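What follows is a short report on a single structure.
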Protein chains: 2
Amino acid sequence: MRHVAELTERGRRTRQRIVEETGRQILAAGIGGTTLDDVRAATLTSKSQLFHYFPGGKTELVRAVAEWEGGQLLAAQEPHVHDLSTRASWEAWRAALVDYYIGQGRWACPIGSLATEAAARDPGLAATVAGAFTAWADLLAAGVVRMQQAGELDASVDPRRIAASVLSAIQGGLVLSQPLRDPWPLEAALDQALHALDAPARG
Amino acid sequence: MRHVAELTERGRRTRQRIVEETGRQILAAGIGGTTLDDVRAATLTSKSQLFHYFPGGKTELVRAVAEWEGGQLLAAQEPHVHDLSTRASWEAWRAALVDYYIGQGRWACPIGSLATEAAARDPGLAATVAGAFTAWADLLAAGVVRMQQAGELDASVDPRRIAASVLSAIQGGLVLSQPLRDPWPLEAALDQALHALDAPARG
DNA sequence: TAGGAACTGGACCGTGCAGTCCAACGCAGA
DNA sequence: TCTGCGTTGGACTGCACGGTCCAGTTCCTA
């Protein structure tokens with residue numbers, strides 16, 4: 001006997017298909033530019049399915065997308081983002097990240113692009129987005145700490161500030177790169193931010 | 001005898017009122033979240049006036065806003081942005097900029113917030129936005145050159161890359177600060193980016 | 001002071017889109 | 001095979017919003 005809102009395997013797959021396709025459309029056209037009819041057509045589903053799996057409508061769907069994309073974004077940085085204990089590891093991480101954005105034709109951050117639109121429309125979504133940023137920043141800050149522990153970095157630098165400035169370089173670099181359709185601002189900003197890791201430990 | 005599309009003083013004021021109010025609404029709610037009816041109500045005008053001054057409709061209005069905001073943004077950085085020949089001048093510029101964004105309750109960049117939404121919806125607008133970024137970056141790069149000429153900065157650093165990374169720090173810092181409603185990521189990113197100016201000239 | 005152009009008010013229209021509703025299908029377990 | 005829930009299809013509704021239209025007013029200029 002099943003209980004409320006339980007999903008079968010088929011249901012889970014359909015739901016997931018909707019989330020991923022909506023994510024693609026939002027990245028390309030923004031929340032406002034993404035219509036449920038477009039999603040319905042692209043996923044070969046029907047209106048009733050959309051509201052069956054997301055009773056809260058578009059708002060709930062977008063939040064599900066935010067959570068999914070947040071996870072994907074961190075997954076794309078594995079395994080480097082859990083190392084980051086050497087300068088070489090940071091470079092490997094950097095390469096994976098640039099490939100995720102530019103190499104795979106995203107040209108924007110799935111989370112970052114939600115941030116601006118979310119802040120105005122949906123406070124709950126803004127909280128989800130802020131949470132994704134915090135989780136990400138924590139991973140980077142942990143890497144900075146690891147570099148300090150390994151004796152490769154001056155212990156006086158603040159890991160949280162480094163993490164925030166690296167994250168800002170990514171987001172801001174994408175803002176500049178996107179309309180120019182050229183990765184160089186992203187790369188310049190990222191490299192500049194990573195120079196903060198070049199302060200050797202004081203012997 | 002007047003000619004086509006000439007504006008009287010009254011007309012110019014009305015038009016300007018529409019542009020500024022639309023700018024406020026776009027910053028708060030995005031392009032998609034801004035309706036002509038809201039603008040009409042807030043400016044105490046009528047639909048016909050909106051289309052009288054902007055025959056191209058919302059698209060043309062938004063472009064006018066982008067150009068106006070671009071100018072305002074640079075104006076807010078005066079007179080510092082035309083100096084930037086000393087480290088102190090950069091700090092004064094930094095303070096003016098943070099006040100423009102945070103002190104005046106914007107919490108987002110009028111141009112940066114357009115960038116993401118524009119890239120998807122309106123290629124012409126994206127070009128305008130890219131132009132605004134370029135003009136801004138040119139001013140910063142000129143400042144870097146002035147520091148180099150004054151002998152305060154190593155001549156080997158690339159002014160364009162510095163300018164791009166500082167601009168990215170601003171835009172990305174705002175992306176992080178906005179949902180958190182806290183200026184610290186913006187300030188951390190900006191300060192980190194400005195460290196690039198701390199490379200003394202090689203004697 | 002008359003003519004005309006710039007300016008203004010607001011009713012009206014068409015459409016695109018979020019969300020509703022209900023009937024039908026399919027796949028388990030009893 | 002029956003029963004019931006999870007699942008699916010798609011027509012339908014309400015309305016918000018961009019855009020049109022035209023009549024009326026203000027104000028410059030000759």
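Order of the sequence lines fixes the chain letters, A, B, ..., with proteins taken first and strands second; residue numbering starts at 1 for each chain. It should be emphasised that the depicted structure is a prediction, and the values quoted were computed from it without experimental measurement. Any value given below was found using the heavy atoms of this structure, including those in side chains, with hydrogens, waters and symmetry copies removed.
Within 6.0 Å of atom CZ in Arg146(B), more than 12 heavy atoms from other residues, nucleotides or ligands are found, so the atom counts as buried in its surroundings.
The pair Glu21(B)-Arg17(B) does not count as a salt bridge, with every side-chain nitrogen at least 4.0 angstrom from each carboxylate oxygen. A salt bridge between Arg87(B) and Asp198(B) is present, with a side-chain N of the basic residue lying under 4.0 Å from a carboxylate O of the acidic one.
Contact detail for Ser177(A) and Asp182(A): the closest heavy-atom pair is OG-O, 2.8 Å.
Residue Ile18(A) contributes atom CD1, which lies 11 Å from atom P of dT7(D) at whole-angstrom precision. Regarding Arg13(A), its CZ atom lies at a distance of 14 Å from the C1' atom of dG6(D), rounded to whole Å. As a whole-Å value, the separation of Leu36(B) CG from dC12(C) P is 20 Å.
Phosphate contact (OP1/OP2 of dA18(C), side-chain N/O of Arg40(A), threshold under 4.0 Å): absent. For the pair Arg12(B) and dA6(C), the criterion of a side-chain N or O lying under 4.0 Å from OP1 or OP2 is not met.
The closest side-chain donor-acceptor pair between Gln49(B) and Ser46(B) falls under 3.5 angstrom. For the residue pair Ser156(B)/Asp154(B), the side-chain donor-acceptor check at 3.5 Å is satisfied.
Applying a 4.0 Å cut-off to non-hydrogen atoms, the residues of residues 44-62 of chain B that approach DNA chain D are Lys47(B), Ser48(B), Phe51(B), Gly57(B), Lys58(B), listed by residue number.
When each of Ile31(B) and Glu9(A) is assigned the nucleotide of DNA chain D with its nearest heavy atom, Glu9(A) is the one assigned upstream, toward the 5' end.
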